[in-house]
**Student:** 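One structure, as structure tokens, below. Some questions next.
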Amino acid sequence: MNPILQARHLTKRFPGVTALRDVAFDLQPGEVHAVCGENGAGKSTLIKLLAGIHPHGSYEGELRVGGRVAAFRSVREAEAAGIAVITQEFALVEELSVAENLFLGRPPRRGLRVDWPELHRRAASLLKGFGLDLPPQTPVHALGIGQKQLVEIARAVDKQSRVLVLDEPTAALPASEVGVLLDHLRRLRAGGTSCIYISHKLDEVMAIADRITVLRDGATVATRDRAATTIPEIIRHMVGREISDLYPRRRDAAPAGSDLPPHPRPEHPPARLETGGREPLLEVRGLAVARTRGGPAFLQDLSFAVHPGEVLGFGGLMGAGRTELLLHLFGAWGHRLRGEVVLRGAPYPAPTPRRSIERGLVLASEDRRRHGLVLGQSVGFNLSLSSLGQFTRAPGRLDRPAEHRRNQALFDSLRIKAPGQQTPVGGLSGGNQQKVVLGKALMTEPAVVLLDEPTRGIDVGAKLEVYALVNRLTAEGRAVILVSSELPELMGMSDRIIMIAAGRIGGEFERGDFSQEALLAAAMGRTAA
Amino acid sequence: MNLRFPLQNLAMPLALLGIGAFFALQEAAFLGPRNLTQLLVEFSITGTLALGMFMILLTGQIDLSVGSGVGLIGGIAAVLVFHHGWPAPLALAIALAAALVLWTAMGTLIVRQRIPSFIITLGGLLIFKGLFWLVIANATVPVSRGDEDNLYALLTTYYLPARAGLALAALVAAAMAWLGWRARRARTAAGLPVRSAAREALIRVATAAGIVGLALLCNASRGVPLSLLLLAGTGGAVYFLSQHTPFGRYLYAIGGNEEAAVLSGIPVARVLVGAYMLMGVTVALTGFLTTAYSGASTTTVGDLMELDAIAACVIGGTALRGGRGTVAGVVFGALIMATLLNGMTLLAVSPEIKFVARGVVLTLAVWVDVKLGRK
């Protein structure tokens with residue numbers, strides 16, 4: 001059979017970096033072909049090339065679609081050829097309704113006017129077919145991140161594209177919706193649609209892909225039939241080394257096996273970490289929080305504590321309130337109705353991000369492009385942004401050399417892959433951007449670190465580095481609160497897990513009692529019987 | 001980007017050269033020391049206001065009220081001196097305090113009530129204009145009584161004696177070379193990239209030659225104008241603030257991504273109000289300079305100066321969306337604007353055409369800004 005899409009000798013150079021070198025790739029009709037690889041392996045560049053974002057002429061090599069040489073000059077031309085790309089950033093208009101977004105640019109018409117009844121009817125049937133229980137009139141800004149992704153996928157599916165390119169489609173989806181998506185892809189495959197599937201979740205890849213191609217450092221390392229390979233083999237190809245333990249949570253003091261260099265000490269360490277004792281670093285009693293002043297309680301009856309050296313995991317379904325809880329503790333969300341928060345032995349009634357950072361509580365947020373980074377500025381600018389006080393000398397002058405040294409130490413110890421700390425952060429891969437977000441949090445020398453989905457959309461190698469970092473933080477006597485949608489990660493990395501269900505505690509589990517079934521049951525508000 | 005930057009750096013000097021050459025060909029007096037000195041005073045006025053606007057634009061905000069504000073603050077000081085016989089320094093101080101109060105109030109409204117700065121300062125534009133005309137009672141109020149020289153009038157009429165000007169220029173040139181050398185050493189020690197020694201030396205020598213040359217040029221006419229020193233001082237202060245203090249970093253961060261700035265623990269509200277207060281200070285300074293330059297406060301003082309200031313910033317590479325811009329660029333942009341206005345006045349271009357030309361320049365500058373911002 002002739003491949004529907006074929007790439008030969010693709011080479012793409014950026015100033016200073018070769019992002020793709022001599023890549024070969026093909027896609028058969030009715031095939032799901034997964035592409036795996038670490039941060040910066042070239043996956044995003046490959047997609048951008050297929051999508052027409054990197055226009056023809058800006059790369060070397062040949063791209064054929066349906067047997068004919070394709071020379072896309074723009075995204076429109078790629079779309080016209082039947083290639084639909086769904087990226088990690090949503091291409092939805094927030095202020096418009098779901099229905100309007102589904103038919104954006106191609107609404108059903110009656111004469112010159114938009115045929116609204118027809119549009120809503122078709123939108124409703126499309127959503128129903130996709131297993132999405134949503135009124136088509138819902139404005140997109142009211143949707144959760146997972147629902148937005150599903151709407152975008154539904155739109156591409158409806159456009160009858162011959163090739164669907166899915167870039168981390170399940171990064172934000174809860175398990176139940178992942179199943180729906182994969183079922184849908186299988187149905188599409190049976191209908192002859194081909195799919196390029198990019199994901200860091202290898203279980204998913206094994207569940208859906210017919211073939212798997214691994215990229216490393218911009219080159220094709222291997223292409224395997226799914227049946228003829230295993231997850232360990234793929235990981236080995238991705239990182240170029242064996243990884244025995246995916247979740248290396250270490251509870252002993254020294255992260256001996258970690259190959260990270262020691263945590264660099266700041267030049268003026270704020271002597272903030274109290275030593276010894278089992279006093280909790282953060283304690284929450286009977287917390288209830290409303291979305292806005294005067295609104296109903298969204299989070300209720302939350303009581304928990306986290307101690308030095310401990311990782312407290314928070315799990316739950318999408319929209320259960322995990323992210324909101326972290327944002328509230330940090331001082332960036334909601335109106336507190338009841339309850340008490342005690343931070344390092346002192347009551348902390350009116351949090352703001354600034355006060356939190358001063359008192360040793362820091363948040364690395366989930367949406368790093370929106371909440372974490374100033375994308376137009378350099379890596380160094382972002383790393384030190386929360387910690388400029390450390391480098392301020394009288395009379396308010398920044399000691400830029402000292403700042404630069406501290407940035408460089410973090411840059412090196414986090415192994416941020418970039419030409420240097422002057423590189424604009426917007427051009428880095430997801431994993432490296434995440435490292436910058438974490439580095440910014442670490443530089444504040446926090447006692448309690450709130451991590452919201454710290455490994456979302458980043459590859460296995462970078463994940464391992466994040467886990468090693470968590471181990472290092474707890475070994476230093478800090479406390480970590482970890483929010484994650486991936487149960488294996490949550491179970492692997494937490495000392496204790498609290499499942500949140502509809503804004504309340506659905507269950508609390510000690511490390512010995514972790515089981516996916518019990519956790520899921522608690523997330524859905526059922527007690528594990 | 002690597003290709004674009006040198007081009008961009010060259011574009012402005014080339015534009016300035018072209019504009020200068022055009023005016024010089026039309027009217028030889030343009031290059032005469034007398035006109036050039038005058039041009040420098042006008043440049044000081046535009047530049048001072050643009051430096052304040054720069055800090056506002058960096059945060060992604062805008063201030064449309066500064067033109068009216070310039071008239072009002074200059075008017076208050078003129079009325080206190082001329083009608084009430086106050087000593088000029090006291091009158092200037094009171095007017096400065098008034099500017100601080102007004103801009104603190106506007107900044108606070110924008111931050112606390114979350115009203116877009118466009119609206120608040122548009123209101124300010126009208127309110128200040130009305131207050132201005134009330135204060136001066138629609139009359140012409142000279143900045144000094146009779147022919148006596150006071151501090152107010154001297155702001156734009158005092159020129160340093162030739163020797164003093166030259167000495168000061170030499171001193172500044174030496175200080176800049178020394179500071180540059182020290183910064184270079186610190187950068188090397190910290191492992192930061194530095195320019196090659198030859199390039200560095202070339203830049204240092206060129207800067208020093210430029211400063212001394214400027215002083216010599218001024219001395220060919222009446223000397224280094226005091227207003228130019230005020231601009232230099234303001235420029236130095238804004239440069240230090242924007243590049244060497246946390247406040248400056250925060251301006252860039254807020255303009256780049258305000259949500260991330262809040263979550264990074266930046267006191268966004270305080271920084272924004274601070275930026276408006278500094279805007280108030282530069283409005284007052286500009287108000288004093290421009291009123292003194294026209295000799296009296298009249299109803300048209302400050303008209304449309306907000307647009308000249310914004311144009312200067314944008315021509316100098318400041319992004320209207322915030323987060324990008326340099327002090328050197330703004331000063332250069334102000335020089336281009338001042339040259340345009342000065343040249344057109346010299347050629348006795350009719351006011352109608354002057355309006356059109358200003359509008360075209362502003363539109364072109366924003367168009368280029370949008371083009372650059374999109375890549």
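Below, read A as the first sequence line, B as the second, and so on, with proteins coming before strands; counting in each chain starts at 1. Since this is a predicted model, take the numbers as computed values, not measurements.
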**Student:** State which residues pass side chain to side chain donor-acceptor pair (under 3.5 Å) with Ser117(B); sequence neighbours excluded, sorted by chain then number.
**Tutor:**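 Partners of Ser117(B) by the side chain to side chain donor-acceptor pair (under 3.5 Å) criterion, ordered by chain and then number, come out as Gln61(B).
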
**Student:** Given heavy-atom pairs under 4.5 angstrom as the criterion, report whether the side chain, backbone, both or neither of Phe330(A) touches chain B.
**Tutor:**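 For Phe330(A), the contact with chain B is made by the side chain alone.
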
**Student:** Count the heavy-atom pairs under 4.5 Å between each of Gln421(A), Gln408(A), Arg397(A) and chain B, then report the option with the highest count.
**Tutor:** Arg397(A)

**Student:** Non-hydrogen contacts under 4.5 angstrom with chain A: give the residues of residues 251-263 of chain B involved, or none if there are none.
**Tutor:**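 Tyr252(B), Ala253(B), Gly256(B), Asn257(B), Glu259(B), Ala260(B), Val262(B), Leu263(B) fall under the 4.5 Å cut-off.
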
**Student:** Specify which of Ala332(A), Gly396(A), Gly376(A) makes the most heavy-atom pairs with chain B at under 4.5 Å.
**Tutor:** Gly396(A)

**Student:** Taking it one step at a time, do Leu388(A) and Arg249(B) satisfy side-chain contact (heavy atoms from CB on, under 4.5 Å)?
**Tutor:** CA-CA 9 Å; Leu388(A) 292 181; Arg249(B) 281 299 169 81; 3.5 Å; yes

**Student:** Among all residues two or more places apart in sequence or in another chain, which pass the side chain to side chain donor-acceptor pair (under 3.5 Å) test with Tyr348(A)?
**Tutor:** Ser356(A)

**Student:** Taking all non-hydrogen atoms of both residues, which atom of Ser386(A) and which atom of Ser264(B) are closest, and how far apart?
**Tutor:** OG-O, 2.8 Å

**Student:** Do the side chain of Gln377(A) and the main chain of Gly323(B) share a donor and acceptor less than 3.5 angstrom apart?
**Tutor:**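 Side chain of Gln377(A) to backbone of Gly323(B), a donor-acceptor pair under 3.5 Å: yes, one is there.
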
**Student:** Can you tell me which portion of His371(A) sits under 4.5 Å from chain B's heavy atoms? Options are side chain, backbone, both or neither.
**Tutor:** both

**Student:** Please classify the contact of Leu385(A) with chain B as side chain, backbone, both or neither, using a heavy-atom distance under 4.5 Å.
**Tutor:**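 For Leu385(A), the contact with chain B is made by backbone and side chain together.
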
**Student:** With a 4.5 angstrom heavy-atom cut-off, could you sort out which part of Gln422(A) is near chain B: side chain, backbone, both or neither?
**Tutor:**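 Side chain only.
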
**Student:** Which residues in residues 266-284 of chain B have a heavy atom less than 4.5 Å from any heavy atom of chain A?
**Tutor:**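 Expected list: Ile266(B), Pro267(B), Arg270(B).
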
